[in-house]
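Each chain gets a letter, A, B and so on, in the order the sequences are listed, and its residues count up from 1.
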Protein chains: 2
Amino acid sequence: MVGSVQFGNVAERREQPPALAVSTVIFALRDDDRTGRKGLWLPLVRRTREPFLGQWALPGGPLGARDSLVDAAAANLRDTTGLIPRYLEQLYAFGDPARSPTRRVVSIVYWALVRENDAQHTESAATSVLLDDPNVAWFRADDVEVMEHLAFDHSRIIDYALWRLRNKVEYGSIAHRLLGERFTLAQVRGVYEAVLNKSLDPANFRRQLRAAADIEETDEFLSGGKHRPPRLYRYSGSTSHPLESETIS
Amino acid sequence: MVGSVQFGNVAERREQPPALAVSTVIFALRDDDRTGRKGLWLPLVRRTREPFLGQWALPGGPLGARDSLVDAAAANLRDTTGLIPRYLEQLYAFGDPARSPTRRVVSIVYWALVRENDAQHTESAATSVLLDDPNVAWFRADDVEVMEHLAFDHSRIIDYALWRLRNKVEYGSIAHRLLGERFTLAQVRGVYEAVLNKSLDPANFRRQLRAAADIEETDEFLSGGKHRPPRLYRYSGSTSHPLESETIS
DNA sequence: TGAATAGTGTCTTTCAGACACTATCGG
DNA sequence: CCGATAGTGTCTGAAAGACACTATTCA
């Protein structure tokens, strides 16, 4: 039986080497009416080809011949979703022989953080080529964990990305990539609350953040709320990860 | 100029897809005469082909057509070094276009932990096919960080593996994979001291370890030293990493 | 003025580190 | 007995969490 030609599929597979693809899990912060807090959202694209035609999947594509892995991820992100991430880090390489029903594919998956404003562009900005693109949609991260209609093993990949994000947020340096250049400490607390999915004491959070993270105060304040205007802060540190590059400006 | 055939190298590259390889950084604990403590060592293999013929490199090879990534790493490890690791976790995928001088190679790198006794087998056991193999040698991890004659970007890869190991050791569950099934708390302390490269207070270490890690005591004691025999302990937890499998028995 | 959030003070508990002390082996 | 390591007790200082309190804005 071994080596039989009966199962053409298997025989073919042995000949051709595994294909390489690069995909990305993108996270952004958005208002969540259900909790009243900010929540984590992520965009998915609808597949336009077999296999899994019509189902939602992570944005991704083949590895360009001359791009580095991270460049390939960034380029593909721009092409498929119009997003330019503020942060891009390698997540994991998925290479299970059975993860694609057709030819074997090894996917190197990145995870990205985009700012709330950037994320809105894909929907509302007139300049965006993806305005009203029905093949890109945003989902609550918690919902995706439940959805079972994602292509390939993408549901599992998203689970893992969430796990990594939650384990990483403690290192600081994540929050400001989901926010703008300047931000209030309450906004940072919002990020932590969204990622960890629980409320935090404002007083203690403030103290810990000021003591630990590389955040420095500016002279500016944010007015407009019906309360005392909070001071704006700025991030001054850099990645602690030796293999990942700095924030993309 | 673009598309010119003059640079045959570049033209060829664009045609053929990147090759996939799987390599592994292996760590074991060994006595280190220099510090008097245990230290971290790792095996390298001498390259028998161009490029980098004759230079030391991480054990690795192409991805088998039907193996999962981790299976490919384990199989290759056995073939090239005779080692069967107790722990195997994906480290990172390296895909820089220029990391190989010939054809483009994307390497998915794992890191492994082996027990001290297992590691000695490659040198002394008569059953090992690799007895006296001049193409496998062990190096102090600290020395490798300095060596500049490694093939490809393997020096950088080892640096990163050490960084990950040092950042991971705090999560517990690492130590017992470098030791045997049963171990004394002083041995575990030895692992921490080797990895973190500093001495730790025995009393405080004991307390923290017992409180945090999933370690349970046995009824056995280790006699033979010229002092009170220490109790032997056993590990009872499991990986905290959702994508990596359990210890290989 | 009152609602709302910004921001501070302080008490308690928990935990890491320092280190003195007791226990028990081999020789 | 002594030398050596196992293992316990306890003090101190730093930091986390709870929560009362003051400050400042807009409506």
Side-chain angles (χ1 to χ4, degrees), chain A residues 29 31 35-38 166-167 169-172 175-176 179-180 182-235, chain B residues 29 31 35-38 166-167 169-172 175-176 179-180 182-235:
Chain A
L29 214 60
D31 288 313
T35 63
R37 286 203 298 257
K38 295 280 183 181
R166 297 203 161 107
N167 277 70
V169 81
E170 296 158 21
Y171 288 112
H176 79 286
L179 303 168
R182 300 187 210 292
F183 44 81
T184 70
L185 296 189
Q187 288 174 324
V188 179
R189 179 162 50 88
V191 173
Y192 276 70
E193 288 180 337
V195 172
L196 302 175
N197 201 31
K198 67 173 181 183
S199 298
L200 300 170
D201 183 293
N204 295 330
F205 183 82
R206 158 185 302 272
R207 248 189 309 264
Q208 287 171 231
L209 198 70
R210 299 286 350 247
D214 296 319
I215 286 178
E216 57 189 23
E217 55 177 45
T218 71
D219 296 339
E220 298 168 67
F221 292 81
L222 181 65
S223 57
K226 2 168 172 272
H227 52 78
R228 173 174 172 179
R231 185 184 288 275
L232 288 169
Y233 292 80
R234 169 197 309 124
Y235 185 73
Chain B
L29 214 60
D31 289 312
T35 63
R37 286 203 299 257
K38 296 277 184 182
R166 297 203 161 108
N167 276 70
V169 80
E170 297 158 20
Y171 288 112
H176 79 286
L179 302 168
R182 299 187 212 292
F183 44 81
T184 70
L185 295 190
Q187 288 173 323
V188 180
R189 179 161 51 87
V191 173
Y192 277 69
E193 288 180 337
V195 172
L196 302 175
N197 200 32
K198 67 173 181 182
S199 298
L200 301 171
D201 182 292
N204 296 329
F205 182 82
R206 157 185 301 272
R207 249 189 310 265
Q208 287 171 230
L209 196 70
R210 299 283 354 245
D214 296 318
I215 285 178
E216 57 190 24
E217 53 177 47
T218 71
D219 297 338
E220 297 168 69
F221 292 81
L222 181 66
S223 57
K226 2 170 171 269
H227 52 77
R228 174 173 171 178
R231 185 184 287 275
L232 289 169
Y233 292 80
R234 170 199 307 124
Y235 185 71

* Asked: Partners of B:Arg189 by salt bridge (charged side-chain N to carboxylate O under 4.0 Å, His left out), sequence neighbours excluded?
  -> B:Glu193

* Asked: Which whole-number value in Å describes the distance from A:Arg231 CZ to D:dA23 C1'?
  -> 14 Å

* **Stepwise side chain to side chain contact (heavy atoms under 4.5 Å, CB included) check, A:Tyr233 with A:Leu185** => CA-CA 7 Å; A:Tyr233 292 80; A:Leu185 296 189; 3.4 Å; yes

* Structure fact -> Interatomic distance, CG@A:Asp219 vs CZ@A:Arg231, rounded to 0.5 Å, equals 7.0 Å

* Under 3.5 Å: donor-acceptor pair, side chain of B:Gln187, backbone of B:Thr184 -> yes

* Applying ring pair (Phe, Tyr, Trp, His ring centres under 6.0 Å), name anything that partners A:Phe183, two or more places apart in sequence or on another chain. => none

* 5' precedence on DNA chain D between B:Thr184 and B:Arg207 (nearest-nucleotide basis) -> B:Thr184

* Using atom CZ of A:Arg189 as one end and atom P of D:dG17 as the other, report the distance to the nearest whole Å. => 14 Å

Can you name the atoms? Protein N/O to nucleotides 1-4 of chain D N/O, anything below 3.5 Å, with the distance.
residue: D:dG3; atom: N2; partner: B:Lys226; partner atom: O; Å: 2.7

* To do: Please name the pair of heavy atoms, one in B:Pro229 and one in B:Ser223, separated by the smallest distance, quoted to 0.1 Å.
  => CB-CA, 4.1 Å

* Asked: Could you give the start and end, 5' to 3', of the contact zone on DNA chain C for chain A, using atoms under 4.0 Å from its heavy atoms?
  -> C:dA3 to C:dT10

* For residues 218-225 of chain B, which residues have at least one heavy atom under 4.0 Å from DNA chain C? -> B:Gly225

* With rounding to the nearest 0.5 Å, note down the distance linking CZ in A:Arg228 to CZ in A:Phe221. => 8.0 Å

Please set out all donor-acceptor pairs under 3.5 angstrom arising from side-chain atoms of residues 210-218 of chain B, sequence neighbours excluded.
residue: B:Arg210; atom: NH2; partner: B:Ile215; partner atom: O; Å: 3.3
residue: B:Glu216; atom: OE2; partner: B:Arg234; partner atom: NH1; Å: 3.0
residue: B:Thr218; atom: OG1; partner: B:Glu220; partner atom: N; Å: 3.2
residue: B:Thr218; atom: OG1; partner: B:Leu232; partner atom: O; Å: 2.7

* To do: Pull out every residue in residues 197-205 of chain A that has a heavy atom closer than 4.0 Å to any atom of DNA chain D, ordered by number, or say none.
  => A:Asp201, A:Ala203, A:Asn204

Identify all side-chain donor-acceptor contacts of residues 195-202 of chain B below 3.5 Å with residues at least two apart in sequence or on another chain.
residue: B:Asn197; atom: OD1; partner: B:Arg37; partner atom: NH2; Å: 3.3
residue: B:Ser199; atom: OG; partner: B:Arg37; partner atom: NH1; Å: 3.2
residue: B:Asp201; atom: OD1; partner: B:Ala203; partner atom: N; Å: 2.8
residue: B:Asp201; atom: OD1; partner: B:Asn204; partner atom: N; Å: 2.9

